[in-house]
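Take a look at the structure set out below.
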Protein chains: 2
Amino acid sequence: MPDTPPSLDPVQLGTYFDLIEVTSLLRHAVEQQLRQAGDLSYVQFQLLARLGDAPAGSHRMTDLADGVVYSRSGLTYQAGLLEKAGLVVRSTSPDDERSVTVTITDAGRARLAQVLPGHVEVVSSLLFEPLSRTDVETLAGLLAPVRDHMRSAPPRSAAPRRRRQG
Amino acid sequence: MPDTPPSLDPVQLGTYFDLIEVTSLLRHAVEQQLRQAGDLSYVQFQLLARLGDAPAGSHRMTDLADGVVYSRSGLTYQAGLLEKAGLVVRSTSPDDERSVTVTITDAGRARLAQVLPGHVEVVSSLLFEPLSRTDVETLAGLLAPVRDHMRSAPPRSAAPRRRRQG
DNA sequence: TATTGTTATACTCTATAACTATA
DNA sequence: TATAGTTATAGAGTATAACAATA
């Protein structure tokens, strides 16, 4: 990395700050809504939503962890909470006895449905209100390559999800 | 709120998800860098950076809290950590005996300088690499109105910073 | 009476390492 | 030997409420 730019230009800096500020505020608002409307943290909501979208309402623990970026123990903790609340069920996978399949329950789907309208409303009114349809499309077009780049090129500091050399 | 859209259209939904994913990954990477390069959390970095930018390297506690969105007790906690580390100093404000002025120390500035290059490098390589100069300008143009909108129109759920009716 | 800040406290979340069990 | 998941444990961060002091 010989010629890495030593600094961000003013536009980049401002963009970075705005990005952080905007998503912090959005995240904060969404978390409050989820907690209030359905006693869910954002992570728990993400897990439920992901399961709700899955074909059989199921995922392996590892697949869930891959999507949510957390440590496996963190996922175990959250899955435990969701299970205790009756929103998911865990069972040993039939094909691989090491794996655990997490499945959303009817109560889990109900909770999701209970929370979703308010969630959508917060995102809609907070993030999208000042953006036209064209704006949103432009934004999507800018975020997609960044997303792909981040997925494919984790920085040296980021812990690889699988490989572990210790 | 009679005619709030009942749902997000697919483009909005995808944009929202990408935004969350991108900033989560970015935030995660930056936090690791800050922790590793200077034993700072992101919040602590934000506080130091804000003080470093201030005219006299000082801010009142309340002004800091306003910028960082946290509860006052949370700020007291963080300020305590920074002070214990010798990176800031707290003193009673001369003009208002209730207020506390937080000032960054030389060690604080040094820590900031120690951490900044790596910080910039992470942001640069992770967020800006796949974006052209024009892209960044476009992104800035989209984020600015959203930022202003969020600042001015906190959702019903967001706790107002000052007013408290309890 | 309102504002500024601290303290006490409790809780949530995250991460590391050690451990079990299956492939 | 590598992978899947759990457990124990420890630490950081956050929020609420009660508090003290100044305006």
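Values below: all heavy atoms of this structure, side chains included; hydrogens, waters and symmetry mates excluded. Letters A, B, ... mirror the listed sequences (proteins, then strands); counts begin at 1.
Evaluation of atom-type donor-acceptor distances gives no pair under 3.5 Å for the side chain of B:S99 against the base of C:dT3. In the interface, the side chain of A:S73 is paired with the base of C:dT16 through a donor and an acceptor atom under 3.5 Å apart.
In this structure, CG of A:L64 is placed 17 Å from C1' of D:dT3, rounded to the nearest angstrom. Taking atom CD of A:E97 as the reference point, atom P of D:dA2 lies 22 Å away to the nearest angstrom. Protein atom NZ of B:K84 is 11 Å distant from nucleotide atom P of D:dG13, rounded to whole Å. Distance, A:D95 CG to C:dA23 C1': 12 Å, rounded to whole Å. Protein atom CG of B:L75 is 12 Å distant from nucleotide atom P of D:dA15, rounded to whole Å. Summarising the geometry, the separation between CG on B:D39 and P on D:dG11 is reported as 14 Å, rounded to the nearest angstrom. The CZ-C1' distance, from B:R27 to C:dC13, rounds to 14 Å in whole Å. Taking atom CD of residue A:Q32 and atom P of nucleotide D:dT16, one finds them 8 Å apart after rounding to whole Å.
At the heavy-atom level, A:T76 lies under 4.0 Å from base atoms of the strands shown. When heavy atoms are screened at a 4.0 angstrom cut-off, B:E31 is found touching no nucleic acid atom at all. In this structure, A:L81 reaches the sugar-phosphate backbone alone: every heavy-atom distance under 4.0 Å involves primed, P, OP1 or OP2 atoms, never a base. Among the heavy atoms of the strands lying under 4.0 Å from A:S71 is at least one base atom, whether or not backbone atoms are also near. In this structure, B:S41 reaches the sugar-phosphate backbone alone: every heavy-atom distance under 4.0 Å involves primed, P, OP1 or OP2 atoms, never a base.
The shortest distance between the side-chain N/O atoms of B:R72 and the OP1/OP2 oxygens of D:dA17 is not below 4.0 Å. The side chain of B:R35 places no N or O atom within less than 4.0 Å of a non-bridging phosphate oxygen (OP1 or OP2) of D:dA12. Taking side-chain N and O atoms only, B:Q44 has no distance below 4.0 Å to OP1 or OP2 of D:dA12. Between C:dT12 and A:Q78, no contact under 4.0 Å exists linking OP1 or OP2 to a side-chain N or O. Between B:H28 and the phosphate of C:dA15, there is a side-chain N or O to OP1/OP2 separation shorter than 4.0 Å.
Nearest heavy atom pair, residue B:L51 against residue B:S58, reads CD2-C, 4.0 Å. The heavy-atom pair separating A:R90 from A:V102 by the smallest distance is CG-CG2, 3.9 Å.
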Item checked: A:Y16/B:H119 under ring pair (Phe, Tyr, Trp, His ring centres under 6.0 Å): CA gap, chis, key distance, verdict -> CA-CA 12 Å; A:Y16 165 55; B:H119 181 86; 5.6 Å; yes
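The residue among A:Y77 and A:R98 whose nearest nucleotide of DNA chain D is located toward the 5' end is A:R98.
With distances taken from any side-chain atom of A:V43 to the nucleotides D:dT14, D:dT7, C:dT14, the minimum falls on C:dT14.
In this structure, the side chain of A:E129 does not engage the main chain of A:L126 through any donor-acceptor pair within 3.5 Å. Side-chain atoms of B:T105 come within 3.5 Å of backbone atoms of B:L87 as a donor-acceptor pair (strictly under, hydrogens ignored).
Under the 4.0 Å criterion applied to side-chain N and carboxylate O atoms, A:D63 and A:R60 are assigned as salt-bridge partners.
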